[in-house]
Amino acid sequence: MQSDDDAVFRALADASRRELLDRLHAESGQTLGELCRGLAMTRQAVTKHLAILEEANLVSSKRQGREKLHFINPVPIAAIAERWIRKFEQPALDALSELKQRLERPGGDA
């Protein structure tokens, strides 16, 4: 699992790869040509970035005739969020809930 997390973090560390993920989030199932459109990157650079995203399991692809369609896979990002973000949110949410309950009690004060 640790190496999976490392691969995801490495893939997300690059702004160009995040841009590709944003584009796939907006419209999944794009071809390489569609993903390249409007980017200041060569087709070869986009291909290399997609390979890194595929290694991290953030993107999957499927051949459809002569085209290769690319799809976002949000599962690894959700796993990162669960492990690295949500567990840190819970103590703050518990503290806010406790404060709210104390303030709502008759004669309650913080």
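What you see is a predicted model, and the numbers here were worked out from it, not measured in a lab. Side chains are part of it too, since the values below use all heavy atoms of this structure and drop only hydrogens, waters and symmetry mates.
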So, for [X] and [Y], which heavy atoms are closest and what is the spacing to 0.1 Å?
| X | Y | answer |
| --- | --- | --- |
| P74 | I72 | CD-O, 3.7 Å |
| M41 | S16 | CE-CB, 3.8 Å |
| P76 | L58 | CB-CD2, 3.8 Å |
| L53 | A11 | CD2-CB, 4.0 Å |
| F71 | S28 | CA-OG, 3.3 Å |

In short, salt bridge (Lys or Arg N to Asp or Glu O under 4.0 Å) pairs touching residues 29-44 with sequence neighbours left out are none
Residues passing the side-chain contact (heavy atoms from CB on, under 4.5 Å) test with E54, sequence neighbours excluded, are V59, S61, K68, H70
Rounded to the nearest 0.5 angstrom, the CD-CG distance for Q101 and L96 is 11.5 Å
same_hphob_cluster(L69, L21) at 4.5 Å side-chain heavy-atom cutoff: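 Different clusters: L69 never reaches L21 through Ile, Leu, Val, Met, Phe, Trp or Tyr contacts under 4.5 Å.
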ILVMFWY network linking I77 to W84, side-chain heavy atoms under 4.5 angstrom =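 Same cluster: I77 reaches W84 through Ile, Leu, Val, Met, Phe, Trp or Tyr contacts under 4.5 Å.
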Please step through side chain to side chain contact (heavy atoms under 4.5 Å, CB included) for the pair E55 and R10, ending with a clear verdict. CA-CA 10 Å; E55 278 181 34; R10 274 193 303 274; over 6 Å; no
Exam field: side chain R17 to backbone L12, donor-acceptor pair closer than 3.5 Å | no
task = List the steps and the verdict of side chain to side chain contact (heavy atoms under 4.5 Å, CB included) for V46 and L32.
result = CA-CA 8 Å; V46 173; L32 178 61; 3.5 Å; yes
query = With sequence neighbours left out, what residues match R23 under salt bridge (Lys or Arg N to Asp or Glu O under 4.0 Å)?
reply =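 Only E19 meet the salt bridge (Lys or Arg N to Asp or Glu O under 4.0 Å) criterion with R23.
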L39 and L20, any side-chain heavy atoms less than 4.5 Å apart: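 When only atoms from C-beta onward are counted, L39 and L20 do touch, with a gap below 4.5 Å.
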query = Do N57 and V8 pass the side chain to side chain contact (heavy atoms under 4.5 Å, CB included) test, and can you show the C-alpha distance, the side-chain angles, and the key distance before you say yes or no?
reply = CA-CA 8 Å; N57 199 26; V8 172; over 6 Å; no
